[in-house]
Amino acid sequence: MSDEVYSHGHHPSVTAAHAIRTVATSAAYLEPLLETGMDLLDVGCGPGSITAGFAGIVAPGSVLGVDSSADVLAQAADEHADVLNVEFREGNVYDLDAADESFDVVHAHQVLQHLADPVAALREMRRVVRPGGLVAVREADFGAMTWFPAIEELDAWRDLYGRLARGNRGEPDAGRRLPGWAAAAGFTDVEVSSSNWTYASGEDRRFLADSWAERVLHSAFATQTLERGLADQRTLERLAEGWNRWARRDDGIFLMPSVEILARN
């Protein structure tokens, strides 16, 4: 993964948004299948909020969270130091430091969309899951996101994000491709579902808008788009204001859909 570029980066606006994710909000499709005593691998664990949630469910089973960023792993380890059955370790999704058939469950949340070869990543997840085990993956689909009211700047934001992500060899419309990627990776028993994050209350609208307005101006999104000439500073400022204008609308709503798979080895 050394030559791949993470479109979001690890600016505090990004990690703060990731750190509020929980099993309930982000892995509800998997939660009913988890049992005490299971060993679970969380690939691309980020700041570890979902990972730590898994640890509470499967204890005394063990949970390993891997990520490519040493800084975000340090944050995860510090935040969840009181969770005794979880470990955070730097790792590469294409070459996991684990023996064949090591885990009952391998989980990845919003990871494959950022990879140049998501099928190879799924094959590697399949390698380390035990017979009868699960590979559980959830991926957003930017092209299927919708909002009200119509805000020209949000259309421009999505277009710009898509060009940036694909320039980084990612696929922002990963959700709709996830079942096909699983089949290409060799899975023959794949259960497909979908779910939304919905931002409709004033508080939720403000959270989403604040997060993306900050990212647009100050995160790797800003740095990369400016460096590559995809946008200028004035354009980024206009996109940020569009997010803020949307958040101020009492009738505003944003739907962010994801596709989920439960692939059995």
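All values derive from a computational prediction rather than experimental measurement.
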Atom [atom1] in [X], atom [atom2] in [Y]: separation rounded to 0.5 Å?
| X | Y | atom1 | atom2 | result |
| --- | --- | --- | --- | --- |
| Ser13 | His10 | OG | NE2 | 11.5 Å |
| Thr235 | Leu226 | OG1 | CG | 9.0 Å |
| Phe103 | Met125 | CZ | CE | 12.0 Å |
| Trp147 | Leu208 | CH2 | CG | 10.5 Å |

Partner residues of [X] under the salt bridge (charged side-chain N to carboxylate O under 4.0 Å, His left out) criterion, sequence neighbours left out:
| X | answer |
| --- | --- |
| Asp71 | none |
| Glu171 | Arg166, Arg177 |
| Arg89 | Glu87 |
| Glu241 | Arg248 |

**Prompt:** Considering residues at least two apart in sequence or located in another chain, which fulfil the side chain to side chain contact (heavy atoms under 4.5 Å, CB included) criterion with Ala55?
**Reply:** Val63, Val83, Asn85, Val86
Counting only N and O atoms by type, is there a donor-acceptor contact under 3.5 Å from the side chain of [X] to the main-chain atoms of [Y]?
| X | Y | result |
| --- | --- | --- |
| Asp67 | Glu90 | no |
| Ser102 | Ala99 | yes |
| Thr225 | Phe221 | yes |
| Tyr94 | Asp117 | yes |
| Glu260 | Val137 | no |
| Gln113 | Asp173 | no |

**Prompt:** For Glu214 and Trp243, what are the C-alpha separation, side-chain angles and deciding distance, and is it a side chain to side chain contact (heavy atoms under 4.5 Å, CB included)?
**Reply:** CA-CA 10 Å; Glu214 183 76 3; Trp243 273 108; over 6 Å; no
Ring pair (Phe, Tyr, Trp, His ring centres under 6.0 Å): pairs with one or both residues in [range], sequence neighbours excluded:
| range | result |
| --- | --- |
| residues 15-53 | none |
| residues 41-83 | Phe54-His107 |
| residues 172-202 | His109-Trp197 |

**Message:** Could you go through Ile50 and Thr22, starting from their C-alpha distance and side-chain angles, then the distance that decides it, and tell me whether this counts as side chain to side chain contact (heavy atoms under 4.5 Å, CB included)?
**Reply:** CA-CA 5 Å; Ile50 300 174; Thr22 67; 5.7 Å; no
How close do [X] and [Y] get, counting heavy atoms only, and between which atoms?
| X | Y | value |
| --- | --- | --- |
| Leu160 | Ala231 | CD2-CB, 3.9 Å |
| Arg158 | Met145 | NH1-O, 2.6 Å |
| Cys45 | Phe88 | SG-CD2, 3.8 Å |
| Ala76 | Gly46 | CB-O, 3.7 Å |
| Leu239 | Glu153 | CD2-O, 3.3 Å |
| Ala200 | Ile253 | CB-CG1, 4.0 Å |

May I ask whether [X] and [Y] are part of the same hydrophobic cluster, defined by side-chain heavy atoms of I, L, V, M, F, W, Y residues being less than 4.5 angstrom apart, directly or through others?
| X | Y | value |
| --- | --- | --- |
| Leu134 | Val129 | no |
| Val259 | Leu30 | no |
| Trp246 | Leu255 | no |
| Ile261 | Val43 | yes |
| Leu115 | Val119 | yes |

Close side-chain approach of [X] and [Y], heavy atoms under 4.5 Å:
| X | Y | value |
| --- | --- | --- |
| Leu217 | Glu237 | yes |
| Leu40 | Leu64 | no |
| Arg138 | Ser195 | yes |
| Leu236 | Trp157 | no |
| Arg169 | Glu4 | yes |
| Asp100 | Val128 | no |

**Prompt:** Taking only residues at least two apart or on different chains, which pairs with a member in residues 39-59 satisfy salt bridge (Lys or Arg N to Asp or Glu O under 4.0 Å)?
**Reply:** Asp39-Arg130
**Request:** Mind jotting down which residue pairs meet the salt bridge (Lys or Arg N to Asp or Glu O under 4.0 Å) criterion with at least one end in residues 9-38? Sequence neighbours excluded, please.
**Result:** none
**Steps toward side chain to side chain contact (heavy atoms under 4.5 Å, CB included) verdict (Leu262, Val190)** = CA-CA 6 Å; Leu262 293 167; Val190 180; over 6 Å; no
**Request:** Could you walk me through whether Asn168 and Arg228 pass side-chain hydrogen bond (donor to acceptor under 3.5 Å, both in side chains), step by step?
**Result:** CA-CA 11 Å; Asn168 287 335; Arg228 299 177 196 179; 2.6 Å; yes
Going by atom types only, do [X] and [Y] share a side-chain donor-acceptor pair under 3.5 Å?
| X | Y | value |
| --- | --- | --- |
| Tyr6 | Gln224 | no |
| Ser258 | Glu139 | no |
| Arg206 | Asn244 | yes |

**Asked** Who else is in Leu84's hydrophobic cluster (ILVMFWY, side-chain heavy atoms under 4.5 Å, direct or via others)?
**Response** none
**Message:** Does atom CG (Asp97) have a neighbourhood of more than 12 heavy atoms from anything else shown, all under 6.0 Å?
**Reply:** no
**Message:** For Gln233, I'd like to know if atom CD has over 12 heavy atoms of other residues, nucleotides or ligands within 6.0 Å.
**Reply:** yes
**Asked** Quick check, are the ring centers of His11 and Trp212 under 6.0 angstrom apart?
**Response** no
**Message:** Check this for me, if you would: do Arg249 and Asp251 make a salt bridge, where the nitrogen-to-carboxylate-oxygen distance has to be below 4.0 angstrom?
**Reply:** yes
**Asked** Is there a salt bridge (charged side-chain N to carboxylate O under 4.0 Å, His left out) between Arg127 and Glu101 once you walk through the steps?
**Response** CA-CA 6 Å; Arg127 178 185 69 81; Glu101 302 178 2; over 6 Å; no
**Item:** side-chain hydrogen bond (donor to acceptor under 3.5 Å, both in side chains) partners of Asp141, counting only residues at least two apart
**Value:** Arg176
**Request:** Report the C-alpha separation of Phe254 and Arg205 in whole Å, then their side-chain angles, then the decisive distance to 0.1 Å, and conclude whether the side chain to side chain contact (heavy atoms under 4.5 Å, CB included) test is met.
**Result:** CA-CA 8 Å; Phe254 196 110; Arg205 287 196 308 273; over 6 Å; no
